[in-house]
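Reading through the structure tokens given below for one structure.
FYI, the numbering just counts along the sequence from 1.
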Amino acid sequence: MPADFEFNIDHRLIDMAAWDHVSIDEFVDCFRRLNALPGDLTDTIEYIDLGEASFLSISHQGALQLAAEYEHLLDRGLRGIVVYAPGDNTHSTVTMIMTTLASIVGELPSGFRIVRTPVALSKLREYLQQPPLDRAALTS
């Protein structure tokens, strides 16, 4: 499976990674397993590392599926997502997914960013406390 996650309950952090050629099925499976975690996710943040993903095969229809899964995570208290998407394909696909999510749930909280350089897990909360300069900063 080219996508998986670890949930560190003590630090309220979901560390997800995907590698190789990643399809919608792998992502949906991952997010369904996340949604099956017991309890709330209040103040939890998620880091998605796509640095090893060679290609994301996700259409607009797939983005709608992912948005529905994310909507459940937001309802359970997820407060931030940082997606490391260094490649052009991964970056544009993640931007499309985030745009789709925003169109469904409304304006995303400020803790949602797409980055081309990795962020250390220990620095995620500090990084998300810095406000983006503008909408373009969401995809810096």
- Search all heavy atoms of S54 against all heavy atoms of H21 and return the closest pair with its distance. OG-N, 3.4 Å
- Message: As an exercise, state the distance from NZ of K123 to CD of Q130, rounded to the nearest 0.5 Å.
- Response: 10.5 Å
- Any chain of hydrophobic side-chain contacts (each under 4.5 Å) joining I9 to L78? yes
- Note on the structure: One should read off an interatomic distance between L101 CG and I81 CD1, to the nearest 0.5 angstrom, of 7.0 Å
- Message: Using every non-hydrogen atom in the two residues, find where I24 and G62 come nearest and quote the distance to one decimal.
- Response: CD1-O, 3.2 Å
- Please step through side chain to side chain contact (heavy atoms under 4.5 Å, CB included) for the pair F27 and E69, ending with a clear verdict. CA-CA 10 Å; F27 268 120; E69 296 298 327; over 6 Å; no
- Look at the side chain of N89 and the backbone N and O of L56, then say whether any donor-acceptor pair between them is shorter than 3.5 Å. yes
- Side chains of L64 and I104 in contact at under 4.5 Å (non-hydrogen atoms): yes
- Using a cut-off of 6.0 Å, state whether more than 12 heavy atoms not belonging to H11 lie near its atom NE2. no
- Spell out, as yes or no, whether a donor-acceptor pair under 3.5 Å connects the side chain of N35 to the backbone of F31. yes
- Between P2 and V22 the two heavy atoms that sit nearest each other are O-CG2, 3.9 Å
- Message: Assess the residue pair L41 and E46 against the criterion (side chain to side chain contact (heavy atoms under 4.5 Å, CB included)); give the C-alpha distance rounded to whole Å, side-chain angles, the decisive distance to 0.1 Å, and a yes or no.
- Response: CA-CA 10 Å; L41 298 174; E46 180 178 26; over 6 Å; no
- Query: If you take all heavy atoms of A53 and T90, which pair is closest and at what distance?
  - Reply: O-CG2, 3.9 Å
- Look at the side chain of E26 and the backbone N and O of S23, then say whether any donor-acceptor pair between them is shorter than 3.5 Å. yes
- Item | Nearest heavy-atom neighbours spanning A63 and I58 | N-CG2, 3.7 Å
- Of all residues at least two apart in sequence or in a different chain, which pass the side-chain hydrogen bond (donor to acceptor under 3.5 Å, both in side chains) check with D88? R116
- Query: How long is the gap from CD on Q61 to CG on L66, to the nearest 0.5 Å?
  - Reply: 11.0 Å
- Is there side-chain contact between Y70 and L34, with at least one heavy-atom pair below 4.5 Å? no
- Query: Are the side chain of R79 and the backbone of T42 linked by a donor-acceptor contact shorter than 3.5 Å?
  - Reply: no
- Item | I14 vs T44 side-chain heavy atoms within contact, under 4.5 Å | yes
- Of all the heavy-atom pairs spanning R125 and I45, show the shortest one and how long it is. CG-CD1, 3.6 Å
- Query: Given the rule in the side chain to side chain contact (heavy atoms under 4.5 Å, CB included) test, do Y127 and V115 qualify, once you have shown the distances and angles that lead to the verdict?
  - Reply: CA-CA 11 Å; Y127 176 77; V115 297; 3.1 Å; yes
- Any chance you could measure F7, atom CZ, to L13, atom CG, to the nearest 0.5 Å? 8.5 Å
- Message: Can you confirm whether Y47 sits close enough to P118 that some side-chain heavy atom of one is under 4.5 Å from a side-chain heavy atom of the other?
- Response: yes
- Item | Note: R12-D40 ion pair, threshold 4.0 Å (strictly below) | yes
- Item | side chain to side chain contact (heavy atoms under 4.5 Å, CB included) between L74 and F112, intermediate numbers included | CA-CA 11 Å; L74 292 172; F112 287 70; 3.4 Å; yes
- Interatomic spacing from CD1 in I114 to NE2 in H91 - rounded to 0.5 Å: 5.5 Å
